[in-house]
Amino acid sequence: MQTKTKEQEIFYPAIGIRPIIDGRLGGIRESLEDTTMQMARSVAKLFAQQLHSPDGSAVRVVIADSTIGGVKEADNCRRKFELENVGVSLSVTPCWCYGSETMDMHPTMPKAIWGFNGTERPGAVYLAATLAAHNQFGLPAFGIYGHDVQDMGDERIPQDVSEKLLTFARAGLAVALMRGRAYLAIGSVCMGIAGSMVNAQLLQEYFGMRTEFVDSSEVLRRIEKGIFDKNEFGKAKAWVTKYCKEGEDYNRVEKRFTREKLDQDWDFVIKMTMIIRDLMQGNDHLKTIGYGEEAGGHNAIVSGFQGQRQWTDFLPNGDFAEAILNSSFDWNGIRAPLTVATENDSLNGISMLLGNLLTHTAQIFADVRTYWSADSVERVTGWRPEGVASGGFIHLINSGSATLDGTGQQEKNAVPVMKPFWEISEAEKEACLEATTWYPANTDYFRGGGFSSKFVTRGEMAVTMCRLNLVAGLGPVLQIAEGETVSLPDQVHTTLDNRTDKTWPTTWFVPRTDKNARGPFRDVYSVMAAWGANHGAICSGHIGHELIALAAMLRIPVNMHNVAPEKIMRPSTWSSFGADPEGADYRACRQFGPLYKTH
C-alpha cells in the first residue's frame, strides 16, 4: 500500500457531525449536554470503524466543538467544517431543539438528521420540525428515525439506524469525493457512441466535476518522446513477462503479426498504461526529466479512452491499459483501481465511478451483449439452465478491457467478491492474474494490434449493474439491476462464448426478478430489453439502495431498479411529490434541479 503524507490524507472529505441541543439554560440544556455529545461520539465511532477513504484509511469524522443550541453555535460549526474539509453533514439530537436556528444551511452539502426515538425528550419532534424547515427552504435532507423506542442515555445505535446512517454517509462521501475533480476524455467520439460525446455541462451541474479534453495524439507523443519513467517501464515489462500469459493467436494466418511485432506491441501497451495513469493523476518523476507541465496531470477521478477507430486502425488497442488501470494491482503491487471507461463512454465511466466511490472496489466495464433464454440455450447446447439461471441470463462481454478483479478469484467466506484493495491478499492477486489470458487482438476489429484479456467470472458473486443515461428533455436517469453471476457447464460456456469473440472476458449475469413485479423486473428478457444503452457498469455486492440515495443527492431520478422498498432512502421532501415513490423521485429531481445548477 502506498504511504500517504498528512497533506494528501486531509485532501479527502470528512463527515461532519452536528450535536443539536435544546438551548434553554437553567436546567434543560445542562441535563442534555453529555447525552447529546455521546450520541455524536457513538456515530463517529461507527463511521470510523465502518467507512474508509479511497486510500484505505479510516474516514475522518469531525464533531462540532460544542453542542449547537442556536445560530451562533451553528455558525461556529460551519466555520470549523470549512477548515476541516467536511463534505457530508449529519445532525444528531436526543431532544427537542430550535429547528431553523440550528439546522445546516449549506446549499449543496448532503445532509441528514438522526432524531433519537425516545419518550423522555421529543427528539422525533425536532426531526419532523427541522425536516419541514429543510423542505420549506429548498434544502433537501434525509431523515433517520429508529423503529423502536430507546431509553434516554442509551448509547447503542439500533441496527436499522446504523444501516441508514451508513447508507447516507457512503452516498454523501461519494458526492463530496467527486466535487472539484475531473473527467479526462482522451480522444473524442468512438464509433458514434453517444456516451462518448462528453457533456461538460452535465458533469459540472450534476457532479461538480470539470471536464478535461486531451487528444489521443498526446499518448503517442509521450511514447515517441520518452515522456514516462523508463525505470518503471523496465520493472513493468519484467512483471508482464512473468504474470501476463499470452494466448494463442486466433486471427486468420494472413492477418497475424510476427513475433517481433507482438513483442513491440507489448512494450507499446505497457507504456500506454503508464501514460494514461500519468495523464490522470500526474507523476512527479516527469519533472525530474524536464517535463514539469506534464508532471501535474489533470486531477482526474475518472477517464475515458476513445480507441476505436482512429487509434486502433493503426496502433495497438487500449484493452491492456484499461484492464490493468481498472484493476487493483499492477507491477507496483496492490493499489487502488483507477476508473477508465472503454471507448470514452463517459456515462458508463461515471456509472463505474459511482460504484467505485461507494465500495472502493474495482468495476467491470462490459457490453450488455446478449439475452440467452432457457429455450435458446437448450436449442444451441442441449443443456437447459436450472436454478437461478432457469429464466435465462445476460452475456456481459467487451473487448478485453474489464478489471481483472472481475475474475472472481477474491473471496469472503468462500464466496467470490471484488474487494477494496487493502483487503486483497497477494495470493488473490496472483489468482486473478493466473485466471486471465492475454490474446493477440482480433485484427478484424483492431487493425493496429494489441492484446485483449480473457477470463470467465466465477458464479455466485452478488453484483449490481448500473448505467447512467442522458435523455433529451429529461436529463440524466439511472438504471440499477441487482443480481448475481452464474457459472455454466464448461461445454455450454464454450459453445455460447465461441459464438461471439472468445478472446474477450465473459460474465454471465442473472438480475433478480419477480414474475409478479410491475415493469422490467418481471423477467430477465425484460431487463435486457429495457436497458438504456449498450454498456453497463458492474459492481461487486448489492448496492442498489446506496446508488438510489446517491442519485437523490445529485437530483438524478432512477428509472428502473429492483431494490426492496424498505431499503430505499431518499430526502424527506420526496414524500411530498406524490404517493408513487418512483414518480415522486422524477418530480422532486425536476423541481430541485441539478445539485450544482448555475442558472
Side-chain angles (χ1 to χ4, degrees), residues 15-18 43 46-47 50-51 59 87-93 103-104 106 108-117 123-124 126-128 130-132 134-135 139-148 157-178 206 354-355 357-359 464 466 477-482 512 539 541-589 591-592 595:
I15 302 174
I17 301 181
R18 308 172 73 252
V43 177
L46 172 71
F47 287 160
Q50 297 292 324
L51 302 176
V59 71
V88 187
S89 170
L90 173 69
S91 299
V92 300
T93 186
M103 64 187 284
D104 185 345
H106 195 289
T108 60
M109 188 180 298
K111 51 185 70 68
I113 304 170
W114 174 26
F116 187 82
N117 184 3
Y126 172 80
L127 174 65
T130 311
L131 287 175
H134 277 286
N135 298 346
L139 299 169
F142 289 74
I144 299 171
Y145 180 56
H147 185 273
D148 297 320
I157 301 178
Q159 182 65 28
D160 63 326
V161 172
S162 174
E163 290 173 358
K164 291 176 181 178
L165 288 168
L166 291 171
T167 294
F168 165 75
R170 288 192 182 101
L173 283 169
V175 172
L177 286 163
M178 287 184 281
Y206 281 91
L354 300 183
L357 293 177
L358 289 170
T359 66
T464 302
C466 76
V477 295
L478 185 66
Q479 297 177 289
I480 301 168
E482 293 184 343
R512 187 176 63 248
C539 181
H542 289 160
I543 63 164
H545 60 296
E546 294 176 354
L547 285 166
I548 289 172
L550 174 54
M553 292 175 182
L554 300 170
R555 320 288 200 260
I556 297 173
V558 177
N559 71 299
M560 62 179 274
H561 72 80
N562 58 349
V563 179
E566 62 271 15
K567 296 189 68 175
I568 293 174
M569 285 183 67
R570 290 187 171 111
S572 167
T573 193
W574 262 234
S575 63
S576 301
F577 286 85
D580 171 33
E582 308 316 322
D585 184 31
Y586 272 81
R587 290 184 287 273
C589 289
Q591 174 64 30
F592 288 105
L595 182 59

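Remember, it's a predicted structure, so these values are computed and weren't measured experimentally. The first residue of the sequence shown is numbered 1, and numbering continues consecutively from there.
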Check: R587 side chain, D585 main-chain N or O, donor-acceptor pair, under 3.5 Å
no
What pair of heavy atoms forms the shortest contact from A552 to P571, and how long is it?
CB-CD, 3.6 Å
Separation between CD of Q50 and CZ of R170, rounded to the nearest 0.5 Å
7.0 Å
Within-4.5 Å side-chain heavy-atom neighbours: H147 and P158
no
In short, L127 meets G143 closest at the heavy-atom pair CD1-CA, 4.1 Å
Taking side chain as C-beta onward, heavy atoms only, is I548 less than 4.5 Å from K567?
no
Atom pair CD1/CG of I568 and L547 - distance to nearest 0.5 Å:
11.5 Å
side-chain contact (heavy atoms from CB on, under 4.5 Å) between F142 and T167: does it pass, once the steps are laid out?
CA-CA 11 Å; F142 289 74; T167 294; over 6 Å; no
Any idea which heavy atoms bring C589 and P557 closest together, and the distance?
SG-N, 3.6 Å
Roughly how far, to the nearest 0.5 Å, is NZ of K111 from CE of M103?
8.0 Å
Hey, which of L173, L90, V88 is the one that makes side chain to side chain contact (heavy atoms under 4.5 Å, CB included) with F47?
L90
Taking atom CZ of F168 and atom CE of M553, what is their separation to the nearest 0.5 Å?
5.0 Å
For the residue pair W574 and F592, does the interplanar ring angle fall in the parallel (under 30°), tilted (30 to 60°) or perpendicular (over 60°) class?
parallel
Could you tell me the separation between the CD1 atom of I480 and the CD atom of E546, rounded to the nearest 0.5 Å?
10.5 Å
Within the side chain of N559, is there an N or O that forms a donor-acceptor pair under 3.5 Å with the backbone of V477?
no
Determine yes or no for a side-chain-to-main-chain donor-acceptor pair under 3.5 angstrom, with N117 supplying the side chain and Y145 the backbone.
no
Donor-acceptor pair, distance only, cut-off 3.5 Å: does the side chain of T464 make one with the backbone of I543?
yes
Closest heavy-atom pair, Y206 versus L595, reported as atoms and distance to 0.1 Å, is O-CB, 4.5 Å
Which pair of heavy atoms, one from A112 and one from I144, lies closest together, and at what distance?
CB-CD1, 4.3 Å
Minimal heavy-atom distance between N135 and S572, with the atoms involved, is ND2-OG, 3.5 Å
Has the side chain of H134 got a donor or acceptor atom that lies under 3.5 Å from a matching backbone atom of P140?
no
Kindly compute the distance separating CG (L554) from CG (L478), expressed to the nearest 0.5 Å.
9.5 Å
